[in-house]
2 protein chains.
Amino acid sequence: MAYRTTASRLERDQVLREHVLDCALQQVAERGFSALTMSGLARNAGIATGSLYRHFPGKGALAADVFVKATRIELNTLKEQFLAPGVASDRLRNGIAQFAARAWHSRQLAYALIAEPAEEEVETQRLYYRQAYATIYGELLADGVRDGSFLVENIPLTAACLVGAIAESLVGPLSPQARVDRESGLPSETLEAVTHTITRFCLRALGAKELPQ
Amino acid sequence: MAYRTTASRLERDQVLREHVLDCALQQVAERGFSALTMSGLARNAGIATGSLYRHFPGKGALAADVFVKATRIELNTLKEQFLAPGVASDRLRNGIAQFAARAWHSRQLAYALIAEPAEEEVETQRLYYRQAYATIYGELLADGVRDGSFLVENIPLTAACLVGAIAESLVGPLSPQARVDRESGLPSETLEAVTHTITRFCLRALGAKELPQ
DNA sequence: TCAAATAATGAATATGGATTCAGATCATGG
DNA sequence: CCATGATCTGAATCCATATTCATTATTTGA
(Lines give C-alpha, C1' and ligand atoms only; values in the text may rest on other atoms or scores of the structure.)
Protein backbone atom coordinates (compact mmCIF):
# COMPACT_ATOMS: atom_id res chain seq x y z
CA MET A 1 0.00 0.00 0.00
CA ALA A 2 1.09 3.57 -0.57
CA TYR A 3 0.07 7.14 -0.05
CA ARG A 4 -1.69 7.00 3.29
CA THR A 5 -2.98 10.31 4.61
CA THR A 6 0.20 11.17 6.46
CA ALA A 7 0.59 14.10 8.82
CA SER A 8 2.81 16.15 6.52
CA ARG A 9 0.28 15.72 3.72
CA LEU A 10 -2.53 17.04 5.85
CA GLU A 11 -0.24 19.85 6.88
CA ARG A 12 0.60 20.76 3.29
CA ASP A 13 -3.09 20.56 2.35
CA GLN A 14 -3.93 22.94 5.13
CA VAL A 15 -1.19 25.33 4.02
CA LEU A 16 -2.33 25.23 0.40
CA ARG A 17 -5.90 25.79 1.43
CA GLU A 18 -4.90 28.86 3.41
CA HIS A 19 -2.80 30.05 0.49
CA VAL A 20 -5.82 29.82 -1.80
CA LEU A 21 -7.97 31.66 0.73
CA ASP A 22 -5.34 34.36 1.04
CA CYS A 23 -5.21 34.82 -2.71
CA ALA A 24 -8.99 34.94 -2.87
CA LEU A 25 -9.12 37.47 -0.05
CA GLN A 26 -6.58 39.61 -1.83
CA GLN A 27 -8.70 39.54 -4.99
CA VAL A 28 -11.82 40.45 -3.03
CA ALA A 29 -10.00 43.22 -1.17
CA GLU A 30 -8.78 44.67 -4.44
CA ARG A 31 -11.81 44.30 -6.68
CA GLY A 32 -14.65 42.82 -4.68
CA PHE A 33 -16.52 39.54 -4.89
CA SER A 34 -17.57 40.24 -8.45
CA ALA A 35 -13.94 39.85 -9.52
CA LEU A 36 -13.57 36.47 -7.88
CA THR A 37 -13.59 33.79 -10.61
CA MET A 38 -12.46 30.24 -10.20
CA SER A 39 -10.09 30.28 -13.17
CA GLY A 40 -8.65 33.65 -12.20
CA LEU A 41 -8.12 32.54 -8.63
CA ALA A 42 -6.48 29.31 -9.76
CA ARG A 43 -4.07 31.20 -12.00
CA ASN A 44 -3.40 33.62 -9.19
CA ALA A 45 -2.75 30.87 -6.68
CA GLY A 46 -0.55 28.95 -9.09
CA ILE A 47 -2.70 25.82 -9.31
CA ALA A 48 -5.15 24.39 -11.81
CA THR A 49 -8.82 25.26 -11.80
CA GLY A 50 -9.85 21.72 -10.98
CA SER A 51 -7.57 21.62 -7.97
CA LEU A 52 -9.67 24.23 -6.24
CA TYR A 53 -12.35 21.61 -5.97
CA ARG A 54 -10.15 19.41 -3.83
CA HIS A 55 -10.21 22.13 -1.20
CA PHE A 56 -13.69 23.60 -1.61
CA PRO A 57 -16.94 22.00 -2.73
CA GLY A 58 -17.70 24.92 -5.03
CA LYS A 59 -17.42 28.61 -5.62
CA GLY A 60 -20.14 29.57 -3.19
CA ALA A 61 -18.45 27.76 -0.32
CA LEU A 62 -15.09 29.26 -1.22
CA ALA A 63 -16.49 32.79 -1.31
CA ALA A 64 -18.28 32.20 1.98
CA ASP A 65 -15.02 31.04 3.56
CA VAL A 66 -13.30 34.18 2.37
CA PHE A 67 -16.10 36.25 3.81
CA VAL A 68 -16.02 34.48 7.15
CA LYS A 69 -12.25 34.66 7.44
CA ALA A 70 -12.24 38.42 6.88
CA THR A 71 -15.36 39.18 8.89
CA ARG A 72 -14.22 37.23 11.93
CA ILE A 73 -11.21 39.49 12.17
CA GLU A 74 -13.36 42.62 12.10
CA LEU A 75 -15.85 41.25 14.57
CA ASN A 76 -13.18 40.14 17.02
CA THR A 77 -11.37 43.43 16.74
CA LEU A 78 -14.57 45.26 17.59
CA LYS A 79 -15.44 42.83 20.35
CA GLU A 80 -12.07 43.48 21.96
CA GLN A 81 -12.81 47.18 22.17
CA PHE A 82 -16.26 46.53 23.53
CA LEU A 83 -14.99 44.17 26.21
CA ALA A 84 -12.24 46.52 27.39
CA PRO A 85 -12.55 48.07 30.85
CA GLY A 86 -14.25 51.43 31.23
CA VAL A 87 -17.72 52.91 30.84
CA ALA A 88 -19.80 51.73 27.90
CA SER A 89 -19.90 55.09 26.14
CA ASP A 90 -16.11 55.21 25.98
CA ARG A 91 -15.93 51.68 24.70
CA LEU A 92 -18.48 52.50 22.00
CA ARG A 93 -16.51 55.58 21.04
CA ASN A 94 -13.32 53.56 20.70
CA GLY A 95 -15.03 50.77 18.81
CA ILE A 96 -16.54 53.13 16.28
CA ALA A 97 -13.28 54.99 15.81
CA GLN A 98 -11.39 51.78 15.18
CA PHE A 99 -14.04 50.32 12.90
CA ALA A 100 -14.21 53.54 10.92
CA ALA A 101 -10.44 53.70 10.55
CA ARG A 102 -10.23 50.14 9.32
CA ALA A 103 -13.05 50.62 6.82
CA TRP A 104 -11.56 53.92 5.71
CA HIS A 105 -8.25 52.29 4.86
CA SER A 106 -9.68 49.22 3.11
CA ARG A 107 -12.74 50.61 1.52
CA GLN A 108 -13.16 47.98 -1.18
CA LEU A 109 -12.90 45.17 1.33
CA ALA A 110 -15.27 46.89 3.72
CA TYR A 111 -17.77 47.31 0.92
CA ALA A 112 -17.39 43.69 -0.12
CA LEU A 113 -17.97 42.47 3.43
CA ILE A 114 -20.84 44.74 4.32
CA ALA A 115 -22.77 45.49 1.18
CA GLU A 116 -21.60 43.93 -2.08
CA PRO A 117 -24.03 41.53 -3.74
CA ALA A 118 -22.57 38.04 -3.70
CA GLU A 119 -23.26 34.30 -3.76
CA GLU A 120 -26.15 32.93 -1.78
CA GLU A 121 -23.74 31.25 0.64
CA VAL A 122 -22.07 34.59 1.30
CA GLU A 123 -25.41 36.24 1.96
CA THR A 124 -26.20 33.52 4.47
CA GLN A 125 -23.00 34.20 6.34
CA ARG A 126 -23.59 37.92 6.09
CA LEU A 127 -26.94 37.45 7.76
CA TYR A 128 -25.36 35.41 10.49
CA TYR A 129 -22.54 37.86 11.11
CA ARG A 130 -24.79 40.90 11.08
CA GLN A 131 -26.65 39.22 13.87
CA ALA A 132 -23.33 38.70 15.56
CA TYR A 133 -22.53 42.41 15.21
CA ALA A 134 -25.95 43.32 16.54
CA THR A 135 -25.43 40.99 19.45
CA ILE A 136 -22.17 42.55 20.58
CA TYR A 137 -23.64 46.02 20.13
CA GLY A 138 -26.59 44.83 22.17
CA GLU A 139 -24.35 43.60 24.96
CA LEU A 140 -22.57 46.91 25.04
CA LEU A 141 -25.92 48.69 25.19
CA ALA A 142 -26.99 46.53 28.10
CA ASP A 143 -23.75 47.37 29.90
CA GLY A 144 -24.35 51.02 29.14
CA VAL A 145 -27.87 50.96 30.50
CA ARG A 146 -26.51 49.38 33.68
CA ASP A 147 -23.62 51.80 34.17
CA GLY A 148 -25.78 54.79 33.32
CA SER A 149 -24.08 55.61 30.03
CA PHE A 150 -27.15 54.98 27.89
CA LEU A 151 -30.89 55.19 28.09
CA VAL A 152 -32.29 52.54 25.76
CA GLU A 153 -35.53 50.60 25.80
CA ASN A 154 -35.55 48.19 22.89
CA ILE A 155 -31.97 46.96 22.83
CA PRO A 156 -32.04 44.57 19.83
CA LEU A 157 -33.75 47.05 17.53
CA THR A 158 -31.57 49.91 18.70
CA ALA A 159 -28.53 47.75 18.01
CA ALA A 160 -29.83 47.22 14.48
CA CYS A 161 -30.16 50.97 14.04
CA LEU A 162 -26.55 51.42 15.14
CA VAL A 163 -25.27 48.77 12.76
CA GLY A 164 -27.22 50.33 9.89
CA ALA A 165 -26.17 53.89 10.61
CA ILE A 166 -22.51 53.00 10.87
CA ALA A 167 -22.49 50.70 7.84
CA GLU A 168 -24.32 53.10 5.57
CA SER A 169 -22.34 56.15 6.50
CA LEU A 170 -18.98 54.41 6.26
CA VAL A 171 -19.11 51.91 3.44
CA GLY A 172 -22.50 52.30 1.84
CA PRO A 173 -23.21 54.29 -1.29
CA LEU A 174 -23.72 57.38 0.85
CA SER A 175 -20.31 57.34 2.46
CA PRO A 176 -18.17 60.45 1.97
CA GLN A 177 -15.59 58.48 0.02
CA ALA A 178 -18.15 57.09 -2.39
CA ARG A 179 -19.66 60.55 -2.85
CA VAL A 180 -16.32 62.09 -3.63
CA ASP A 181 -15.16 59.32 -5.92
CA ARG A 182 -18.20 59.71 -8.11
CA GLU A 183 -18.71 63.44 -8.15
CA SER A 184 -15.68 65.69 -8.43
CA GLY A 185 -12.16 64.92 -7.35
CA LEU A 186 -12.50 67.30 -4.43
CA PRO A 187 -10.65 66.40 -1.26
CA SER A 188 -12.75 63.99 0.79
CA GLU A 189 -13.83 64.74 4.33
CA THR A 190 -11.20 63.56 6.74
CA LEU A 191 -11.50 60.31 8.66
CA GLU A 192 -11.46 62.34 11.85
CA ALA A 193 -14.41 64.49 10.84
CA VAL A 194 -16.43 61.49 9.73
CA THR A 195 -15.67 59.58 12.90
CA HIS A 196 -16.65 62.58 14.96
CA THR A 197 -20.02 62.97 13.24
CA ILE A 198 -20.90 59.29 13.40
CA THR A 199 -19.85 59.00 17.03
CA ARG A 200 -21.90 62.02 18.00
CA PHE A 201 -24.88 60.65 16.09
CA CYS A 202 -24.70 57.29 17.84
CA LEU A 203 -24.03 58.54 21.34
CA ARG A 204 -26.87 61.01 21.14
CA ALA A 205 -29.20 58.36 19.76
CA LEU A 206 -28.48 56.25 22.83
CA GLY A 207 -29.21 59.08 25.22
CA ALA A 208 -25.59 59.43 26.34
CA LYS A 209 -24.93 62.39 28.59
CA GLU A 210 -21.42 63.49 27.68
CA LEU A 211 -20.78 64.08 24.00
CA PRO A 212 -17.45 64.64 22.26
CA GLN A 213 -16.48 68.30 22.73
CA MET B 1 -46.83 53.17 -47.83
CA ALA B 2 -48.48 51.63 -44.85
CA TYR B 3 -48.13 51.21 -41.13
CA ARG B 4 -47.06 54.65 -40.09
CA THR B 5 -46.48 55.10 -36.36
CA THR B 6 -50.01 56.25 -35.69
CA ALA B 7 -51.22 57.68 -32.40
CA SER B 8 -53.28 54.68 -31.44
CA ARG B 9 -50.27 52.45 -32.05
CA LEU B 10 -48.05 54.52 -29.76
CA GLU B 11 -50.83 54.51 -27.23
CA ARG B 12 -51.15 50.72 -27.37
CA ASP B 13 -47.38 50.34 -27.10
CA GLN B 14 -47.33 52.55 -24.06
CA VAL B 15 -50.14 50.57 -22.46
CA LEU B 16 -48.45 47.26 -23.16
CA ARG B 17 -45.17 48.54 -21.79
CA GLU B 18 -46.87 49.59 -18.57
CA HIS B 19 -48.63 46.25 -18.42
CA VAL B 20 -45.29 44.46 -18.65
CA LEU B 21 -43.81 46.70 -15.97
CA ASP B 22 -46.78 46.04 -13.73
CA CYS B 23 -46.41 42.29 -14.13
CA ALA B 24 -42.70 42.57 -13.44
CA LEU B 25 -43.31 44.69 -10.37
CA GLN B 26 -45.81 42.16 -9.11
CA GLN B 27 -43.24 39.39 -9.53
CA VAL B 28 -40.61 41.43 -7.70
CA ALA B 29 -43.03 42.35 -4.94
CA GLU B 30 -43.91 38.69 -4.46
CA ARG B 31 -40.56 36.98 -4.82
CA GLY B 32 -37.88 39.59 -5.34
CA PHE B 33 -35.60 40.41 -8.24
CA SER B 34 -34.11 36.95 -8.18
CA ALA B 35 -37.45 35.57 -9.38
CA LEU B 36 -37.63 37.94 -12.33
CA THR B 37 -36.85 35.96 -15.51
CA MET B 38 -37.55 37.07 -19.03
CA SER B 39 -39.40 33.92 -20.04
CA GLY B 40 -41.39 33.87 -16.83
CA LEU B 41 -42.33 37.50 -17.17
CA ALA B 42 -43.37 37.01 -20.80
CA ARG B 43 -45.60 34.10 -19.88
CA ASN B 44 -46.99 36.13 -17.02
CA ALA B 45 -47.70 39.14 -19.21
CA GLY B 46 -49.20 37.02 -21.95
CA ILE B 47 -46.67 37.82 -24.67
CA ALA B 48 -43.69 36.07 -26.23
CA THR B 49 -40.20 36.30 -24.78
CA GLY B 50 -38.86 38.06 -27.82
CA SER B 51 -41.55 40.71 -27.63
CA LEU B 52 -40.10 41.98 -24.38
CA TYR B 53 -37.17 43.22 -26.40
CA ARG B 54 -39.39 45.53 -28.41
CA HIS B 55 -40.06 47.43 -25.18
CA PHE B 56 -36.79 47.10 -23.29
CA PRO B 57 -33.23 46.81 -24.54
CA GLY B 58 -32.50 43.97 -22.13
CA LYS B 59 -33.19 42.47 -18.76
CA GLY B 60 -31.02 44.91 -16.85
CA ALA B 61 -32.88 47.91 -18.23
CA LEU B 62 -36.22 46.28 -17.52
CA ALA B 63 -35.30 45.49 -13.94
CA ALA B 64 -33.98 49.01 -13.48
CA ASP B 65 -37.27 50.43 -14.77
CA VAL B 66 -39.18 48.31 -12.30
CA PHE B 67 -36.93 49.53 -9.54
CA VAL B 68 -37.31 53.17 -10.52
CA LYS B 69 -41.07 52.94 -10.88
CA ALA B 70 -41.47 51.50 -7.40
CA THR B 71 -38.83 53.63 -5.73
CA ARG B 72 -40.18 56.90 -7.11
CA ILE B 73 -43.47 56.19 -5.39
CA GLU B 74 -41.75 55.67 -2.05
CA LEU B 75 -39.54 58.69 -2.45
CA ASN B 76 -42.40 60.98 -3.42
CA THR B 77 -44.55 59.69 -0.60
CA LEU B 78 -41.80 60.49 1.86
CA LYS B 79 -41.08 63.83 0.24
CA GLU B 80 -44.71 64.79 0.67
CA GLN B 81 -44.50 64.23 4.41
CA PHE B 82 -41.26 66.13 4.63
CA LEU B 83 -42.64 69.11 2.73
CA ALA B 84 -45.82 69.32 4.78
CA PRO B 85 -46.28 72.34 7.07
CA GLY B 86 -45.10 72.14 10.66
CA VAL B 87 -41.86 71.84 12.57
CA ALA B 88 -39.18 69.57 11.14
CA SER B 89 -39.23 67.09 14.01
CA ASP B 90 -42.94 66.41 13.48
CA ARG B 91 -42.44 66.00 9.78
CA LEU B 92 -39.62 63.52 10.40
CA ARG B 93 -41.78 61.62 12.84
CA ASN B 94 -44.60 61.35 10.31
CA GLY B 95 -42.27 60.43 7.50
CA ILE B 96 -40.67 57.62 9.46
CA ALA B 97 -44.02 56.32 10.62
CA GLN B 98 -45.35 56.23 7.09
CA PHE B 99 -42.21 54.71 5.62
CA ALA B 100 -42.14 52.06 8.33
CA ALA B 101 -45.77 51.19 7.81
CA ARG B 102 -45.33 50.82 4.06
CA ALA B 103 -42.24 48.65 4.44
CA TRP B 104 -43.95 46.62 7.15
CA HIS B 105 -46.84 45.75 4.86
CA SER B 106 -44.80 44.96 1.75
CA ARG B 107 -41.72 43.48 3.22
CA GLN B 108 -40.55 41.55 0.18
CA LEU B 109 -40.83 44.62 -2.02
CA ALA B 110 -39.10 46.80 0.54
CA TYR B 111 -36.27 44.30 0.75
CA ALA B 112 -36.02 44.12 -3.02
CA LEU B 113 -35.85 47.89 -3.33
CA ILE B 114 -33.46 48.56 -0.49
CA ALA B 115 -31.19 45.58 -0.14
CA GLU B 116 -31.63 42.68 -2.55
CA PRO B 117 -28.68 41.93 -4.83
CA ALA B 118 -29.67 42.65 -8.42
CA GLU B 119 -28.50 43.58 -11.92
CA GLU B 120 -25.79 46.16 -12.31
CA GLU B 121 -28.31 48.61 -13.78
CA VAL B 122 -30.48 48.25 -10.71
CA GLU B 123 -27.52 48.90 -8.44
CA THR B 124 -26.78 52.06 -10.37
CA GLN B 125 -30.30 53.32 -9.84
CA ARG B 126 -30.17 52.25 -6.21
CA LEU B 127 -27.09 54.39 -5.76
CA TYR B 128 -28.82 57.32 -7.38
CA TYR B 129 -31.99 57.00 -5.35
CA ARG B 130 -30.18 56.52 -2.07
CA GLN B 131 -28.58 59.85 -2.78
CA ALA B 132 -32.04 61.18 -3.45
CA TYR B 133 -33.25 59.87 -0.11
CA ALA B 134 -30.24 61.36 1.62
CA THR B 135 -30.92 64.66 -0.10
CA ILE B 136 -34.49 64.98 1.13
CA TYR B 137 -33.43 63.91 4.60
CA GLY B 138 -30.71 66.54 4.37
CA GLU B 139 -33.21 69.23 3.42
CA LEU B 140 -35.39 68.29 6.34
CA LEU B 141 -32.37 68.46 8.63
CA ALA B 142 -31.51 71.92 7.33
CA ASP B 143 -35.09 73.02 8.02
CA GLY B 144 -34.85 71.51 11.47
CA VAL B 145 -31.62 73.28 12.27
CA ARG B 146 -33.26 76.55 11.22
CA ASP B 147 -36.47 76.07 13.19
CA GLY B 148 -34.61 74.82 16.23
CA SER B 149 -35.85 71.23 16.04
CA PHE B 150 -32.43 69.74 15.47
CA LEU B 151 -28.82 70.36 16.34
CA VAL B 152 -26.72 68.94 13.50
CA GLU B 153 -23.31 69.88 12.17
CA ASN B 154 -22.52 67.64 9.22
CA ILE B 155 -25.85 67.39 7.46
CA PRO B 156 -24.98 65.07 4.51
CA LEU B 157 -23.25 62.51 6.68
CA THR B 158 -25.94 62.66 9.32
CA ALA B 159 -28.52 62.11 6.61
CA ALA B 160 -26.62 59.00 5.54
CA CYS B 161 -26.71 57.74 9.13
CA LEU B 162 -30.47 58.22 9.20
CA VAL B 163 -31.00 56.39 5.94
CA GLY B 164 -28.84 53.53 7.14
CA ALA B 165 -30.44 53.24 10.55
CA ILE B 166 -33.95 53.21 9.14
CA ALA B 167 -33.18 50.85 6.29
CA GLU B 168 -31.33 48.34 8.41
CA SER B 169 -33.81 48.25 11.23
CA LEU B 170 -36.83 47.97 8.94
CA VAL B 171 -35.90 45.83 5.99
CA GLY B 172 -32.37 44.66 6.64
CA PRO B 173 -31.47 41.24 7.97
CA LEU B 174 -31.72 42.64 11.48
CA SER B 175 -35.32 43.79 11.20
CA PRO B 176 -37.73 42.34 13.75
CA GLN B 177 -39.68 40.61 11.00
CA ALA B 178 -36.62 38.88 9.59
CA ARG B 179 -35.52 37.84 13.07
CA VAL B 180 -38.85 36.32 13.86
CA ASP B 181 -39.32 34.63 10.52
CA ARG B 182 -36.07 32.77 10.89
CA GLU B 183 -36.08 31.90 14.56
CA SER B 184 -39.30 30.77 16.16
CA GLY B 185 -42.81 31.53 15.10
CA LEU B 186 -43.26 33.85 18.05
CA PRO B 187 -45.41 36.90 17.52
CA SER B 188 -43.31 39.67 16.01
CA GLU B 189 -42.90 43.03 17.65
CA THR B 190 -45.71 45.29 16.60
CA LEU B 191 -45.30 47.94 13.94
CA GLU B 192 -46.11 50.54 16.56
CA ALA B 193 -43.33 49.44 18.89
CA VAL B 194 -40.80 49.33 16.09
CA THR B 195 -41.81 52.74 14.80
CA HIS B 196 -41.58 54.14 18.30
CA THR B 197 -38.05 52.83 18.85
CA ILE B 198 -36.74 53.97 15.49
CA THR B 199 -38.32 57.40 15.81
CA ARG B 200 -36.88 57.87 19.27
CA PHE B 201 -33.46 56.75 18.03
CA CYS B 202 -33.47 59.20 15.14
CA LEU B 203 -34.87 62.20 17.00
CA ARG B 204 -32.36 61.78 19.79
CA ALA B 205 -29.53 61.38 17.33
CA LEU B 206 -30.46 64.74 15.84
CA GLY B 207 -30.49 66.47 19.20
CA ALA B 208 -34.26 66.99 19.16
CA LYS B 209 -35.67 68.38 22.40
CA GLU B 210 -39.10 66.78 22.66
CA LEU B 211 -39.19 63.03 22.34
CA PRO B 212 -42.22 60.79 21.95
CA GLN B 213 -43.72 60.25 25.44
C1' DT C 1 -59.60 43.64 -50.07
C1' DC C 2 -54.72 43.92 -50.97
C1' DA C 3 -49.83 44.99 -50.51
C1' DA C 4 -46.46 46.93 -47.71
C1' DA C 5 -44.59 47.75 -43.43
C1' DT C 6 -44.28 46.57 -38.78
C1' DA C 7 -44.83 43.65 -34.69
C1' DA C 8 -45.17 39.12 -32.38
C1' DT C 9 -43.65 34.49 -31.88
C1' DG C 10 -40.80 30.95 -29.53
C1' DA C 11 -37.49 27.52 -30.74
C1' DA C 12 -32.71 27.84 -31.56
C1' DT C 13 -28.53 30.06 -30.29
C1' DA C 14 -25.24 32.62 -27.51
C1' DT C 15 -22.97 33.44 -23.36
C1' DG C 16 -19.82 33.17 -19.70
C1' DG C 17 -18.24 31.18 -16.07
C1' DA C 18 -18.67 26.97 -12.91
C1' DT C 19 -17.76 22.24 -12.90
C1' DT C 20 -15.98 17.77 -14.48
C1' DC C 21 -12.83 14.03 -15.60
C1' DA C 22 -9.51 11.20 -18.40
C1' DG C 23 -4.91 11.27 -18.41
C1' DA C 24 -0.38 12.96 -16.43
C1' DT C 25 2.15 13.58 -12.31
C1' DC C 26 3.66 12.80 -7.88
C1' DA C 27 4.35 10.92 -2.98
C1' DT C 28 4.73 6.86 -0.35
C1' DG C 29 5.97 2.03 1.34
C1' DG C 30 8.25 -1.92 0.13
C1' DC D 1 13.52 2.16 -7.94
C1' DC D 2 9.08 0.15 -8.65
C1' DA D 3 4.05 -0.32 -7.89
C1' DT D 4 0.22 1.83 -6.08
C1' DG D 5 -3.01 5.00 -5.45
C1' DA D 6 -3.78 9.83 -4.33
C1' DT D 7 -3.44 14.33 -6.43
C1' DC D 8 -3.06 17.68 -10.09
C1' DT D 9 -4.08 19.37 -14.61
C1' DG D 10 -6.78 22.24 -17.91
C1' DA D 11 -9.41 21.64 -21.99
C1' DA D 12 -13.98 19.97 -22.68
C1' DT D 13 -18.47 19.99 -20.88
C1' DC D 14 -22.38 21.63 -18.60
C1' DC D 15 -25.88 24.78 -17.30
C1' DA D 16 -29.30 28.24 -16.88
C1' DT D 17 -30.99 32.16 -18.82
C1' DA D 18 -30.62 36.02 -21.83
C1' DT D 19 -30.88 37.10 -26.49
C1' DT D 20 -31.66 36.46 -31.44
C1' DC D 21 -34.05 35.87 -35.74
C1' DA D 22 -36.50 33.32 -39.48
C1' DT D 23 -41.24 32.80 -39.72
C1' DT D 24 -46.02 34.04 -38.96
C1' DA D 25 -49.51 37.35 -37.77
C1' DT D 26 -51.25 42.25 -37.61
C1' DT D 27 -51.86 46.74 -38.75
C1' DT D 28 -52.37 50.35 -41.88
C1' DG D 29 -53.24 53.28 -46.11
C1' DA D 30 -54.91 52.99 -50.64
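Reminder, nothing fancy here: chain letters follow the sequence lines and each chain counts from 1.
Atom-to-atom, CD of B/Glu119 to C1' of D/dA18 comes out at 10 Å; the value is rounded to the nearest Å. A/Met38 has its CE atom 15 Å from the P atom of D/dG10, to the nearest Å. One interatomic measurement links the two molecules: CG of A/Asp13 to P of C/dC26, which rounds to 17 Å at whole-angstrom precision. Atom pair A/Phe56:CZ and C/dT19:P shows a separation of 13 Å (rounding to whole Å applied). Straight-line distance from the CG atom of A/Leu41 to the P atom of C/dG17: 14 Å, rounded to whole Å. Whole-Å rounding puts the A/Gln27 CD to C/dG17 P distance at 13 Å. Between the P atom of D/dC8 and the CZ atom of A/Arg17 lies a distance of 14 Å, rounded to the nearest Å. In this structure, CD of B/Glu121 is placed 12 Å from C1' of D/dA18, rounded to the nearest angstrom.
With D/dC8, C/dT19, D/dT20 as the choices, the nucleotide that has an atom nearest any side-chain atom of A/Lys59 turns out to be C/dT19. Nearest nucleotide to the B/Arg12 side chain, out of C/dT20, D/dT27, C/dT9: D/dT27. Comparing D/dA11, C/dA8, D/dC8 by their closest approach to the side chain of A/Thr49 singles out D/dA11. When distances are taken from the side chain of B/Ala48 to each of C/dT9, D/dT7, D/dA18, the shortest belongs to C/dT9. For A/Thr37, the side-chain atoms get nearest to C/dA18 when compared with the rest of C/dA8, D/dT19, C/dA18. Of the candidate nucleotides D/dA18, C/dT19, C/dA8, C/dT19 has the atom nearest to the side chain of A/Tyr53.
Judged by distance alone, the side chain of B/Arg91 and the main-chain N or O of B/Leu83 form no donor-acceptor pair under 3.5 Å.
In this structure, A/Glu18 pairs ionically with A/Lys69, as a charged nitrogen and a carboxylate oxygen lie closer than 4.0 Å.
Note on ring orientation: taking the six-membered ring where Trp is involved, the planes of A/Tyr133 and A/Phe99 are perpendicular (angle over 60°, cut-offs 30° and 60°).
In this structure, the separation between CG on A/Asp65 and CG on A/Leu25 is 11.5 Å, given to the nearest 0.5 Å.
Between the side chains of A/Asn44 and A/Gln26, no donor N or O sits under 3.5 Å from an acceptor N or O.
Using a 4.0 Å cut-off, no side-chain N or O of B/Arg43 falls inside it from OP1 or OP2 of C/dT9.
Map A/Leu36 and A/Ser51 each onto its nearest nucleotide of DNA chain C; the residue landing nearer the 5' end is A/Leu36.
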